[in-house]
Amino acid sequence: MKTHIKIAEKSTFLRIFMRNTRNLIRRVSYKTAGAASKVDEKLVIFASYNGKSYACSPKAVYEQMLCDDKYADYRFVWLFDEPEKYSFLEANRNTTVIRNKSKECEKYLHMAKYWIFNSRALDFWTPSSEQVYVQCWHGTPLKKLGYDIENSNNAMNSLTEIRSKYRNDAKRLDYLLSPCDFVTEKFITAWRLEKFGKKDAVLQIGYPRNDYLVNYDSGDIEKIKKKLGLENDKRKIILYAPTWRDNQHDAHNGYVYNNPVDFDYFREKLEKDYIILFRAHYLVANEFDFDAYSGFVYNASDYDDINELYVISDLLITDYSSVFFDYAILGRPMLFYMYDMEEYRDEVRGFYIDINSLPGEVLKTEAELVDAIEKIDYDEERNKASLSRFNAEYNQMNDGKASQRLLDILFK
């Protein structure tokens, strides 16, 4: 397998040939296996971040259905790479946990009337005309997506391959969720929905995942801090959540993240007043060892639901991740540490939004970042006021009711 990855990294032609051949074989196998399957009108299948966690909009929609007696006789299936970690879900009503990418997984994919995913389904998973594929997506994009990417330095996907993946997804999806006019416009062009006659597939109803950011309470904060062992720590909490780099890839591990932060320097300057929750992107495969910073830096990369990290954090630090769009709902301050902005903008992805319009200061050095942290304004009312215009543009429909709106549309 590792030999194949090394070849794929070095030769675009061979990579495309290998992938297309593999996907053709898998697609034929998938369709053949499901030819005799009957679709169950009351079976819903969920997957979050390609089976990596229990989080985001699929989680929100699932929990909304559990709370409503209208769906008392519906069955729910969750796909996970490590199903043993999520067996607790089977204590819920009519819920089954299945290993992702297994034969059993494909059996349920053929049977389920509704697919509720937040990332692109595997290329060879093709829903029938009787099934409904809901692409919830996992965030408002700052960096360009799909057909909108003009230059790509992606280590494992050429521009042609990226567009091919989005084209395949566009042909399959029935609904794609959006929280605002801006996202609706970009999703239509990124997936080229107009070309496939699916411009109306975008539902501008909000992201179900953000319902929690409107509806959480102080009791939730207490529970989360206790779960993380932070209930007695009075220091402010910084959530540091950088995104992945398309051009940082290792044949043995997959996409990796070369951490640019000198935590020795951060500890010297900030440890008295702050702790840091470090949250790597779900595509990043490498392990992070923060034992040397015990009590100051906590690795929260494996914490399933980032919403819970948002609500206990006083300050967000990110770079090009979509997390800041969601965090803005809370009305709290944020900073943007963009040490490689020119390279990322010009060679890796490109941006949809002018960096100067971001709802926080953009910083390029650690010294600037620490200085900005020390001067940050934590007045919640002033922050909410300064973010109100931003939220009016980008969080129009994130009002805490998106899950119910989606269910009303799907089940009429």
Side-chain angles (χ1 to χ4, degrees), residues 48 55-61 63-64 118-119 134-145 148 175-190 202-217 220-221 239 241 243 279 305-336 351-362 377-409:
S48 182
C56 203
S57 291
K59 174 185 176 181
V61 175
E63 293 187 350
Q64 185 73 26
N118 77 336
S119 294
V134 182
Q135 174 56 267
C136 300
W137 206 237
H138 48 267
T140 299
L142 168 64
K143 48 187 183 280
K144 291 184 178 180
L145 301 171
D148 292 339
Y175 297 113
L176 179 58
L177 306 192
S178 162
C180 64
D181 297 338
F182 163 81
V183 171
T184 297
E185 175 190 324
K186 302 311 177 191
F187 280 0
I188 288 171
T189 57
V202 181
L203 299 180
Q204 192 168 306
I205 60 171
Y207 289 137
R209 77 198 213 141
N210 287 334
D211 291 352
Y212 180 82
L213 300 181
V214 177
N215 299 320
Y216 78 96
D217 58 33
D220 293 318
I221 293 178
L239 174 59
T243 193
R279 170 76 171 198
D305 195 340
I306 195 171
N307 274 345
E308 296 185 1
L309 303 181
Y310 291 151
V311 300
I312 66 167
S313 299
D314 300 284
L315 168 67
L316 171 70
I317 298 175
T318 188
D319 44 19
Y320 320 107
S321 172
S322 66
V323 294
F324 73 92
F325 288 100
D326 302 332
Y327 195 77
I329 295 170
L330 299 174
R332 299 174 192 173
M334 59 189 88
L335 297 171
F336 296 85
F351 306 132
Y352 282 124
I353 299 172
D354 182 354
I355 293 299
N356 296 317
S357 68
L358 295 177
E361 195 174 354
V362 176
D377 181 2
Y378 286 102
D379 186 286
E380 193 165 318
E381 289 308 311
R382 279 202 295 271
N383 280 310
K384 281 183 177 178
S386 66
L387 284 167
S388 61
R389 185 180 300 176
F390 181 86
N391 283 326
E393 184 169 359
Y394 297 109
N395 286 309
Q396 292 167 357
M397 299 300 294
N398 287 328
D399 59 359
K401 301 174 183 177
S403 297
Q404 188 58 57
R405 279 194 287 267
L406 176 60
L407 294 180
D408 288 344
I409 291 168

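Position 1 is the first residue of the sequence, and the numbers go up from there.
- Applying the salt bridge (Lys or Arg N to Asp or Glu O under 4.0 Å) criterion to D399, with sequence neighbours excluded, gives R405.
- Between D220 and V311 the shortest side-chain heavy-atom distance does not fall below 4.5 Å.
- Every residue meeting the side chain to side chain donor-acceptor pair (under 3.5 Å) condition with D377, not counting sequence neighbours, appears here in chain and number order: R382.
- Listed by chain and number, the residues in a side chain to side chain donor-acceptor pair (under 3.5 Å) with D148 are T189, Y352 (sequence neighbours excluded).
- Listed for the N118 side chain is no donor-acceptor partner under 3.5 Å among the backbone atoms of Q135.
- In this structure the side chain of L239 never reaches within 4.5 angstrom of the side chain of I317, judged on heavy atoms.
- Side-chain contact between L203 and I409 is present, with at least one heavy-atom pair separated by less than 4.5 Å.
- Expressed to the nearest 0.5 Å, how far CD1 of I353 lies from CG of N356 amounts to 12.0 Å.
- With hydrogens and angles ignored, the 3.5 Å screen pairs a side-chain donor or acceptor of D211 with a backbone N or O of A402.
- For the side chain to side chain contact (heavy atoms under 4.5 Å, CB included) test, residues two or more places apart in sequence or in another chain that qualify with E308 are K59, Y212, I224, K227, Y303, D305.
- Annotation: ring-ring contact (aromatic ring centres under 6.0 Å, His included) contacts of F182 (sequence neighbours excluded): Y394.
- Residues passing the side chain to side chain donor-acceptor pair (under 3.5 Å) test with S178, sequence neighbours excluded: T184.
- Taking the salt bridge (Lys or Arg N to Asp or Glu O under 4.0 Å) definition, one finds that E361 meets it with nothing, sequence neighbours left out.
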Between D319 and F324, does the side chain to side chain contact (heavy atoms under 4.5 Å, CB included) criterion hold? Intermediate values first, please. CA-CA 9 Å; D319 44 19; F324 73 92; over 6 Å; no
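- A salt bridge links E380 to K384: at least one charged side-chain nitrogen sits closer than 4.0 Å to a carboxylate oxygen.
- Residues meeting the salt bridge (Lys or Arg N to Asp or Glu O under 4.0 Å) test with D326, sequence neighbours left out: R209.
- The CG atom of N398 sits 8.5 Å away from atom CG of N391, with the distance rounded to the nearest 0.5 Å.
- Across every non-hydrogen atom of F187 and L177, the tightest pair is CE2-O, 3.2 Å.
- Under the rule for a side chain to side chain contact (heavy atoms under 4.5 Å, CB included), the partners of A60 that lie at least two apart in sequence or sit in another chain are P208, S403.
- Side chains of K143 and S322: no donor on one and acceptor on the other come within 3.5 Å.
- K144 pairs by the salt bridge (Lys or Arg N to Asp or Glu O under 4.0 Å) definition with E150, not counting sequence neighbours.
- Annotation: side chain of R332 is not in contact with side chain of L315 (no heavy-atom distance under 4.5 Å).
- H138 places a side-chain heavy atom less than 4.5 Å from the side chain of S119.
- No side-chain heavy atom of S57 sits less than 4.5 Å from a side-chain heavy atom of W137.
- Taking CG of N395 as the reference point, atom CZ of F325 lies at 8.5 Å (rounded to 0.5 Å).
- Screening residues 178-188 for salt bridge (Lys or Arg N to Asp or Glu O under 4.0 Å), with sequence neighbours left out, gives no hits.
- A pairwise comparison of heavy atoms in A328 and L387 identifies O-CD1, 3.9 Å as the closest pair.
- The closest side-chain heavy-atom distance from V323 to Y327 is not below 4.5 Å.
- Expressed to the nearest 0.5 Å, how far CD1 of I329 lies from OH of Y207 amounts to 10.5 Å.
- Residues T243 and T318 are not in side-chain contact: their nearest non-hydrogen atoms beyond the backbone lie 4.5 Å or more apart.
- The nearest pair of heavy atoms linking C180 to Q396 is CA-OE1, 3.3 Å.
- Taking the six-membered ring for Trp and the full ring otherwise, Y320 and F336 have centroids separated by 6.0 Å or more.
- S388 OG to N383 CG: the interatomic distance, rounded to the nearest 0.5 Å, is 11.0 Å.
- Checked against side chain to side chain donor-acceptor pair (under 3.5 Å), N215 has no partners two or more places apart in sequence or in another chain.
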